[in-house]
Amino acid sequence: MPDRDFHDMPSPGAERDAKRGAEPSAVPQGEREREAERRRRRAQFLRDLAEARQLRDRVQPRRAKTARLRHAMRMRTFRW
């Protein structure tokens, strides 16, 4: 599983439209379809990326363990 849940985050374009006060009906249909397709491609890419990371961790357990230890050390030395 990926470290983060990207599907919970709104896209930057949606935020900009909301700030401008654009209504959903004001956005052309073609642009909405392109945005939906972009989100589908992005979601598929993130799924593939997470799957590739899991596969790499399975086939290279020593490297995965080293990465976990390195991350834990960074977290311990991080100053708030």
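These figures come from a predicted structure and were not determined experimentally.
Rounding to the nearest 0.5 Å gives a distance of 10.0 Å between CD of Glu35 and CZ of Arg42.
Every side chain to side chain donor-acceptor pair (under 3.5 Å) that Gln44 has, sequence neighbours left out, goes to Arg47, Asp48. Among residues two or more places apart in sequence or in another chain, the salt bridge (Lys or Arg N to Asp or Glu O under 4.0 Å) test is passed with Arg58 by none.
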Give the table of side-chain donor-acceptor pairs shorter than 3.5 Å for residues 62-74, with sequence neighbours excluded, one pair per line with atom names and distance.
from: Arg63; atom 1: NH1; to: Gln60; atom 2: OE1; distance (Å): 3.3
from: Thr66; atom 1: OG1; to: Arg62; atom 2: O; distance (Å): 2.8
from: His71; atom 1: ND1; to: Arg74; atom 2: NH2; distance (Å): 3.4

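In summary, Arg40 and Glu37 engage in a salt bridge, as defined by a charged side-chain N under 4.0 Å from a carboxylate O.
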